[in-house]
Amino acid sequence: MFSASSATASSSTATARSGRGRRIARLTASVVASGLAVAGVLVGAGGAAADEAPPHQGGATAVLDGLKTYDTAVLRVDGRKQKLPAGLFEMTVDGGGKLKTYCIDIHNPTQDQAKYLETPWDQTSLGSNKDAGRIRWILEHSYPQIDDLSDLAEKAGTGPLTEKTAAAGTQVAIWRFSDKAEVTASDKQAEKLADWLEKNAANSAEPKASLALDPVAVSGRSGERIGPVTVRTNAGQVSVAPPADSASGIGITDKKGKPVTTAADGDRLYFDVPADSPDGSAALTVQATTSVPVGRAFAGVTRSQTQILAGSSESTVSASATASWAEKGAVPAATARKNCESGGVDITVGNKGDEAYTFELDGTEHLVEAGKSLTVTVPVAEDQAYDVTVTGPGGFAKTFKGVLDCRTSGSTTTGGVDTQTLDQPTTTTATAGGGTAGPGGNLAETGSSNATPVIAGIAIAFVVIGGGAVFLLRRRKGQSTGE
């Protein structure tokens, strides 16, 4: 299968300068775009190594184990038919636990052992899908949430169902809403289940995160309590781990300064930074054991078919937040969030210091006042990888990596599909239909068009990407809090 690599990044050197009594940091970016693709790849140049993380407010992190419970379905595109597997994936949660998921992007490949993050709907294709709530209804009213198959068959009027045909029928119904796909289950009972689910599906609200912190980065002055960071969780209680360097004297407290080791939904946490602390940063982590709510989306860290949760064991979930501080001058904090509506990644740079600074983006200067923040959307093409590093005063550095996966592949794909069978040789990449397994359980190439990635790859091969983008935030050399 043709594979196109993500765009490479070009680094640029940021210079520091002063003006009108203000210390100024400059942020430069360069983006090369074409009619076929826009590569939003950003790399920071700085003395300190950057902390790296995908944009993630917390929740479950899991690894894809493959398609485990499935039957077959028939996908029709442009008058052509393709037989593909349809059913339930399983994932292993980092730290313990198992998830069961269905696919919500029939044409996109899955990658063997891909890493997935619990993700809000608006950062996936569900955000622009008016039927997203109907998909959640299907999950709550079918297998495996309804594991009494006799009862499910009676309600749906299908006749006898097995785990495999119930999973296939459920997946087919989901695809009709997630991908607007013309797809039918091969088994008659499974097809009746899909029809019943499609007909009766009603809108449901997006479920809350299993665990999240908001915001994930804060900044302030040493000698203060920096925050708040608000806990969002469906767990009864979460444990709070303080910064790793206990000798620093930095602790996690409530608003009144009382040390905190546990928290609940809605609690506000603060970093308590002693006045004599040298300029720096620290992180806190919260963790809980809970069932991830049905209907939560899971997006791949690398390009891999987006999933939606159908069931969860008691699983380990976690979230982290960072704080940076300085005695004086500008104090930056940076966060990133996929912006599917605008087609890019929002980089929000805050300044809780007592001096303003400016940054420049594509020839335009932006001023961040003391105590204020500014958000810049970096354009990224659909299915493109991005790598964003923000560096700042006192060795501050933060890197965000991921893939922008905001639309189902079928919404941007043209052309037919190749008819395939389930006995084809296994590969490390599976294309549609939940990208699945043969009898041995390994991922096999199944589903949508083999031609699609080839066509896309050939198109990308003709695109010369001469640059990327570089985000640099630096203070003037020679200052006490500079590099």
Side-chain angles (χ1 to χ4, degrees), residues 48-63 92-97 99 115-119 208-220 222-274 276-293 296 301 312-325 331 333-336 352 395-400:
D51 294 330
E52 297 186 2
H56 192 220
Q57 288 182 287
T61 301
V63 173
T92 298
V93 179
D94 293 353
L99 306 178
K115 188 172 185 177
Y116 279 80
L117 304 176
E118 184 180 340
T119 304
K208 294 181 179 180
S210 61
L211 178 59
L213 293 176
D214 184 29
V216 296
V218 292
S219 62
S222 51
E224 300 176 350
R225 283 190 287 275
I226 301 173
V229 175
T230 303
V231 177
R232 305 295 184 192
T233 184
N234 70 335
Q237 180 176 283
V238 302
S239 62
V240 180
D245 184 10
S246 58
S248 66
I250 299 163
I252 306 302
T253 71
D254 61 14
K255 186 176 182 179
K256 295 181 179 179
K258 181 180 178 180
V260 171
T261 57
T262 61
D265 183 49
D267 285 356
R268 296 184 173 187
L269 307 178
Y270 294 79
F271 291 81
D272 190 8
V273 181
D276 59 354
S277 297
D279 297 356
S281 63
L284 73 86
T285 299
V286 295
Q287 189 174 85
T289 300
T290 187
S291 294
V292 182
R296 290 296 290 171
V301 173
S312 169
S313 69
E314 289 287 297
S315 298
T316 301
V317 295
S318 62
S320 297
T322 60
S324 57
W325 60 86
V331 187
T335 61
K352 287 297 182 69
F396 173 85
K398 189 71 175 179
T399 296
F400 306 98

| How long is the gap from OG1 on T262 to CD on Q237, to the nearest 0.5 Å? | 4.0 Å

| Check: A282 main-chain N/O paired with T322 side-chain donor or acceptor under 3.5 Å | no

| query | Is T253 close to K258 at the side-chain level, that is, under 4.5 Å between some pair of heavy atoms? | reply | no

| query | If we only count heavy atoms from C-beta on, is the L117 to V301 side-chain gap below 4.5 Å? | reply | yes

| note | Closest non-hydrogen contact found for A264 with G236 is CB-O, 3.9 Å

| query | Side chains of T290 and E314: is there a donor and an acceptor less than 3.5 Å apart? | reply | no

| query | Mind checking whether V240 and V231 have side chains closer than 4.5 Å, heavy atoms only? | reply | no

| task | Might you point out which heavy atoms bring S277 and I250 nearest each other, and give the distance in Å? | result | OG-CG1, 4.4 Å

| Between CZ of R296 and CG of L99, what distance do you get to the nearest 0.5 Å? | 12.0 Å

| How long is the gap from CG on L269 to CD1 on I226, to the nearest 0.5 Å? | 13.5 Å

| request: Drop me the distance from S219's OG to W325's CH2, to the nearest 0.5 angstrom. | output: 11.5 Å

| Would you say D254's side chain and V260's backbone share a donor-acceptor pair under 3.5 angstrom? | no

| Say you draw a straight line from CG of L211 to OG of S315; how long is it, rounded to the nearest 0.5 Å? | 12.5 Å

| task | Please report the shortest heavy-atom distance between P274 and S222, naming the atom on each side. | result | O-CB, 3.9 Å

| query | Between the main-chain N or O of V292 and the side-chain N or O of S312, is there a donor-acceptor pair closer than 3.5 Å? | reply | yes

| said: Closer than 3.5 angstrom, by distance alone: can the side chain of T335 be matched with the main-chain N or O of V216 as a donor-acceptor pair? | reply: no

| task | Working to the nearest 0.5 Å, report the span between CZ of R232 and CG of D267. | result | 10.0 Å

| message | Any heavy-atom pair between the side chains of L284 and L213 that's under 4.5 Å? | response | yes

| said: What I want to check is whether the side chains of D94 and T61 have a donor and an acceptor closer together than 3.5 Å. | reply: no

| field | S239 side-chain N/O to Q287 backbone N/O, donor-acceptor pair under 3.5 Å | value | yes

